[in-house]
**Student:** 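Have a look at this one before I ask anything.
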2 protein chains.
Amino acid sequence: MQSTTLSKATLSRLPLYLQYVRTVEGSMISATIIARNLGLGEVQVRKDLRMISQAGQPKVGYPVQQLRRDLEMALGIHQKISAVIVGAGKMGTALMDYDGFHEYGLEIAAAFDNHASQVPFRHGNMSIYAMSKLKSFCQQYDVRLGILTVPASAAQDAADQMVASGIAAILNFAPCHIRVPAHVIVRQMNVALAMAHLNLMVHQENKEQEETHYGKQIV
Amino acid sequence: MQSTTLSKATLSRLPLYLQYVRTVEGSMISATIIARNLGLGEVQVRKDLRMISQAGQPKVGYPVQQLRRDLEMALGIHQKISAVIVGAGKMGTALMDYDGFHEYGLEIAAAFDNHASQVPFRHGNMSIYAMSKLKSFCQQYDVRLGILTVPASAAQDAADQMVASGIAAILNFAPCHIRVPAHVIVRQMNVALAMAHLNLMVHQENKEQEETHYGKQIV
DNA sequence: CATGAATCGATCATTCGTTATCGATAGATA
DNA sequence: TATCTATCGATAACGAATGATCGATTCATG
């Protein structure tokens, strides 16, 4: 593992690389090809990859397997990461069945909901507990990550309970701002705003002229 | 509306501002307060807001209502935006019920699925059509935005059909890379990778020392 | 009315990120 | 073997984004 800290920009592109590299057939892959497929500059790709892998070779590129391992190592998904889901409504239960988690080393440890009875209920092979159990659960299993999928009206209250339970980072699907203390990170997953952003970009793209053959990917 | 193009960085923060401003009580709000609540620098906030609003006044700040209108105008959500959902599984149907869309001027025009029968089926007040109807629908109603919520194995095929239907931007929930032509924008919504990213940040944050009182928000 | 505090907005400096260029290397080919 | 090409990696130039500083403005207060 490399010791130099990765830049924020590089860090945000690593998931993109990993997601792409996992689809690559064959044993070798070059930065040129990756760049073309992701709509990035090839120098940038090379620089990013250089930060997390020493496996590049002139003329041949990177061994796919090794690059993939290096990316996973850099992203810290070589070991299981545990997270909880708070809010077992439509979105919450949909995420419980999301097929991407296990591929990326992520394990949803449990779900919590205000309307769960005190007795654990199950969804598939996942337990849904009452919110009152959140703190003891997170502390017992040392869970630091949470996905927030309650309605906007309940978001702040739920977030407060997550913070009190020791959650250090929240993926917020509720379409509203939540206030948290400085040591907690919130990543917004406001689908409506993401769409508004895309809509803007579509309008802006029309004024520009692109030369790459494949489409631009955004993290 | 301002004519100068907004920088990419500014653009990505506007949703955050709007989401926050909508929660503000009272008639005036200052950049200082906004910055503190979003974990950003106050100069940066002032600079961003300056780009989209001329309503700032020394000592008092911005009128909340006006700032909100300006943000909505800049984000282009003062008018209805239409989008389609492709994939009416758990995630797709959960998004149909997402409570954030109407607040942000977004209208889900219809949903499409491979397993829908030829006769339209309804979920709530939304129609679910067969994929074969996608192209004619998008062209008839001039829909340019799509949300992709099919399993990873079906993602590329579905994306191809969306592109062929005239979709210009895709919000991709499938945990995989999809290849699109250069004029199409893809925004990844890989929840697992977002969590991995958060996990990394939590580990990195521990090494730093933060001084702001409220937590850092990520778009 | 004079003073002070809070805020805006502009300029400048600095840091961060991207792009261009070039030499080095490994394989392919004549 | 000599040459050619694709690729890597490093350096340097460029551009974008952030942060610091300062004057200007407005309200509050004595």
**Student:** In whole angstroms, how far is the P atom of C/dT19 from the CG atom of A/Leu40?
**Tutor:**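 To the nearest whole Å, that distance equals 9 Å.
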**Student:** Name the closest nucleotide to the B/Lys8 side chain, picking from C/dC8, D/dA17, D/dC27.
**Tutor:** D/dA17
**Student:** Counting just side-chain N and O atoms, does B/Arg50 come under 4.0 Å of either OP1 or OP2 of C/dA10?
**Tutor:**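 Yes, B/Arg50 has a side-chain N/O under 4.0 Å of OP1/OP2 on C/dA10.
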**Student:** Considering heavy-atom distances to DNA chain C, does B/Lys59 or B/Tyr62 have its closest nucleotide positioned more toward the 5' end?
**Tutor:** B/Lys59
**Student:** What I want to check is whether the side chains of A/Arg68 and A/Gln65 have a donor and an acceptor closer together than 3.5 Å.
**Tutor:** no
**Student:** How many Å lie between CE on B/Met51 and P on C/dC8, as a whole number?
**Tutor:**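 Rounded to the whole Å, the gap is 17 Å.
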**Student:** Can you say whether a donor on the side chain of B/Lys47 sits under 3.5 Å from an acceptor on the base of D/dG19, or the other way round?
**Tutor:**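 Yes, the side chain and the base share a sub-3.5 Å donor-acceptor pair.
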**Student:** Between B/Thr10 and A/Ala55, who's closer to the 5' end of DNA chain D by nearest nucleotide?
**Tutor:**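 So the residue in question is A/Ala55.
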**Student:** Could you tell me whether the phosphate oxygens of C/dC8, OP1 or OP2, come under 4.0 Å of any side-chain nitrogen or oxygen in B/Arg46?
**Tutor:** yes
**Student:** Could you check how far CG of A/Asp48 sits from P of C/dG17, rounded to whole Å?
**Tutor:**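 One finds 10 Å between P of C/dG17 and CG of A/Asp48, rounded.
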**Student:** Roughly how many Å is it from CD1 in B/Ile34 to C1' in C/dC8, rounded to a whole number?
**Tutor:**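 Rounding to the nearest Å, CD1 of B/Ile34 and C1' of C/dC8 are 13 Å apart.
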**Student:** Just to confirm, is there a sub-4.0 Å distance from OP1 or OP2 of C/dG17 to any side-chain nitrogen or oxygen of A/Ser7?
**Tutor:** yes
**Student:** Using the side-chain heavy atoms of A/Val43, tell me which of these nucleotides is nearest: D/dT7, C/dT21, D/dT26.
**Tutor:**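 Selected nucleotide (nearest to the side chain): C/dT21.
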**Student:** Assess, by modelled atom type and distance only, whether the side chains of B/Asp48 and B/Gln44 contain a donor and an acceptor separated by less than 3.5 Å.
**Tutor:**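 Looking only at side-chain atoms, B/Gln44 and B/Asp48 do not form any donor-acceptor pair under 3.5 Å.
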**Student:** Can you tell whether the side chains of A/Glu72 and A/Arg22 come within less than 4.0 Å, N to carboxylate O?
**Tutor:** yes
**Student:** Of the options C/dT25, D/dA17, D/dC27, whose atoms approach the side-chain atoms of B/Ala9 most closely?
**Tutor:** D/dA17
**Student:** Respond yes when some side-chain nitrogen or oxygen of A/Gln44 is under 4.0 Å from OP1 or OP2 of C/dT18, and no when none is.
**Tutor:** yes
**Student:** Could you tell me how far apart B/Leu49 (CG) and C/dC8 (C1') are, to the nearest whole angstrom?
**Tutor:** 11 Å
**Student:** State, with a plain yes or no, whether a side-chain heavy atom of A/Ile178 is found less than 4.5 Å away from one of A/Leu148.
**Tutor:**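 Of all side-chain heavy-atom pairs linking A/Leu148 with A/Ile178, at least one is under 4.5 Å.
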**Student:** Tell me if the centroids of the rings in B/Tyr17 and B/Tyr20 come within less than 6.0 Å of each other.
**Tutor:**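 No, the ring of B/Tyr17 stays outside the 6.0 Å limit from the ring of B/Tyr20, centre to centre.
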**Student:** Measure CG/A/Leu11 against P/C/dT18 and give the value in whole Å, please.
**Tutor:**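 To the nearest whole Å, that distance equals 12 Å.
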**Student:** What is the distance, rounded to the nearest whole Å, between atom CD1 of A/Ile33 and atom C1' of D/dC8?
**Tutor:**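 Between C1' of D/dC8 and CD1 of A/Ile33: 14 Å.
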**Student:** What is the separation between atom CD on A/Gln57 and atom C1' on D/dC8, rounded to the nearest whole Å?
**Tutor:**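 To the nearest whole Å, that distance equals 10 Å.
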